2 protein chains.
Amino acid sequence: MKCQVEDFKKEHKKEMRAVQDSMYVLSGKWKIPILTSICYYNKRRFSDFLNDIDGISNRMLSKELKELEINKLIKRTVLDTQPIVVQYELTEHGLTLQTIINNLTEWGIAHRKKIVQGIE
Amino acid sequence: MKCQVEDFKKEHKKEMRAVQDSMYVLSGKWKIPILTSICYYNKRRFSDFLNDIDGISNRMLSKELKELEINKLIKRTVLDTQPIVVQYELTEHGLTLQTIINNLTEWGIAHRKKIVQGIE
DNA sequence: CAGGATCCTATACGATACTG
DNA sequence: CAGTATCGTATAGGATCCTG
């Protein structure tokens with residue numbers, strides 16, 4: 001039965017790595033808010049994010065958008081209008097995050113209630 | 001119709017805040033791995049985490065466990081054995097994270113495939 | 001065993017100004 | 001409009017040693 005215990009552990013190590021991979025991409029203060037914004041609005045522009053997300057600076061926005069693009073979660077399209085308009089949207093891969101985003105939204109609401117309840 | 005647009009925006013602001021609340025609690029390098037470990041094993045001890053989670057130091061583990069306890073996600077129990085054994089488990093509130101953890105596990109596996117595929 | 005104390009570094013993030 | 005450049009701070013995290 002030693003073998004089964006080993007398999008059990010091995011499986012958990014794999015799950016652990018998977019969860020760390022996810023968080024490596026999604027962690028930080030702004031990535032999820034950015035993704036959430038595109039997720040709910042479908043198409044967003046640089047200045048849209050600046051309005052959607054309270055407190056984000058253009059520096060961070062620019063930086064995070066690049067990383068999300070590198071990770072193939074969002075697609076950047078430059079429309080040749082005058083002045084230039086840049087559009088961001090989720091890639092197919094990015095769309096697979098929708099479940100997580102919805103869960104995080106629901107959980108965040110529930111969690112706030114739970115914590116506030118402790119204060120009063 | 002202006003009113004409807006405003007409601008629409010207001011709703012999204014709420015979702016945005018919710019998602020930020022969630023990430024505020026879960027962000028960082030170690031919180032989700034710790035929760036995942038308890039989630040899959042049910043009960044864990046300090047030294048168990050040290051083994052489960054590659055690379056974590058006792059300093060960080062101790063710090064993160066405290067924060068998770070403050071946020072009511074885990075429960076700490078001291079068993080009066082000799083030597084002392086400390087047991088950690090998910091609270092009821094912590095258990096509500098299971099869905100997210102499972103999703104993050106699945107997504108992490110898929111994401112790794114997606115990125116590796118881009119390299120080869 | 002389950003941490004705490006101390007010291008140190010890296011990087012995440014913020015503020016502000018500037019550009020094609 | 002959609003960013004870049006520069007500078008400064010704060011915090012996250014790592015390494016090591018110590019303790020009841």
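Proteins come first, then strands; the chains are lettered A, B, ... in the order of their sequence lines, and each starts at number 1. Values in this document were obtained by computation on a predicted structure and should not be read as measured data.
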Could you go through residues 55-62 of chain B and list every donor-acceptor pair under 3.5 Å that involves a side-chain atom there, pairing it with any protein atom two or more places apart or in another chain?
| unit_1 | atom_1 | unit_2 | atom_2 | d |
| --- | --- | --- | --- | --- |
| B/Ser57 | OG | B/Met60 | N | 3.3 |

With sequence neighbours left out, what residues match [X] under salt bridge (Lys or Arg N to Asp or Glu O under 4.0 Å)?
| X | answer |
| --- | --- |
| A/Lys13 | B/Asp54 |
| B/Glu15 | none |
| A/Lys31 | A/Glu64, A/Glu67 |
| B/Glu69 | none |

Atom pair distance, as rounded to whole Å: [atom1] in [X] and [atom2] in [N]:
| X | N | atom1 | atom2 | value |
| --- | --- | --- | --- | --- |
| A/Glu69 | D/dG3 | CD | C1' | 13 Å |
| B/Leu61 | D/dA15 | CG | P | 15 Å |
| A/Glu64 | C/dT11 | CD | P | 15 Å |
| B/Met60 | D/dT16 | CE | C1' | 16 Å |
| A/Leu50 | D/dC1 | CG | P | 10 Å |

Do you know the tightest heavy-atom contact between A/Ile101 and B/Val19? O-CG2, 4.0 Å
Grab the two heavy atoms, one from A/Leu26 and one from B/Met23, that are nearest each other, plus how far apart they are.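 Looking at all heavy atoms of both residues, the shortest contact is O-CE, 3.6 Å.
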Pairs flagged by side-chain hydrogen bond (donor to acceptor under 3.5 Å, both in side chains) wherever residues 21-30 of chain A is involved - sequence neighbours left out: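 Sorted pair list: A/Asp21-B/Arg112.
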side-chain hydrogen bond (donor to acceptor under 3.5 Å, both in side chains): pairs with one or both residues in residues 84-102 of chain B, sequence neighbours excluded: A/Trp107-B/Thr96, A/His111-B/His93, B/Tyr40-B/Asn102, B/Arg76-B/Tyr88
Could you list all N or O pairs between the protein and nucleotides 1-4 of chain C that sit under 3.5 Å apart?
| unit_1 | atom_1 | unit_2 | atom_2 | d |
| --- | --- | --- | --- | --- |
| C/dA2 | OP1 | B/Arg45 | NE | 3.2 |
| C/dA2 | OP1 | B/Val86 | N | 3.3 |
| C/dA2 | OP2 | B/Ser47 | N | 3.2 |
| C/dA2 | OP2 | B/Ser47 | OG | 2.8 |
| C/dG3 | OP1 | B/Arg76 | NE | 3.3 |
| C/dG3 | OP1 | B/Arg76 | NH2 | 2.7 |
| C/dG3 | OP2 | B/Tyr88 | OH | 2.6 |
| C/dG3 | N7 | B/Asn58 | ND2 | 3.4 |
| C/dG3 | O6 | B/Asn58 | ND2 | 3.3 |
| C/dG4 | OP1 | B/Lys66 | NZ | 3.3 |
| C/dG4 | OP2 | B/Ser62 | OG | 2.5 |
| C/dG4 | OP2 | B/Lys66 | NZ | 3.2 |
| C/dG4 | O6 | B/Asn58 | ND2 | 2.9 |

B/Lys114: which residues meet the side-chain hydrogen bond (donor to acceptor under 3.5 Å, both in side chains) condition with it, sequence neighbours left out? none
Set of residues satisfying side-chain contact (heavy atoms from CB on, under 4.5 Å) with respect to A/Ser37, sequence neighbours excluded: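 So A/Ser37 forms a side-chain contact (heavy atoms from CB on, under 4.5 Å) with A/Tyr41, A/Arg44, A/Phe49, A/Asp52, B/Met16.
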Please report how far the helix from C/dC1-D/dG20 to C/dG20-D/dC1 bends, comparing the axis fitted to its first five pairs with the axis fitted to its last five, to the nearest 10 degrees.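 The end axes of the helix from C/dC1-D/dG20 to C/dG20-D/dC1 are about 50° apart, to the nearest 10°.
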Check DNA chain D against residues 22-34 of chain A and give the residues with a non-hydrogen atom under 4.0 Å, in numerical order.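 Nothing qualifies; none.
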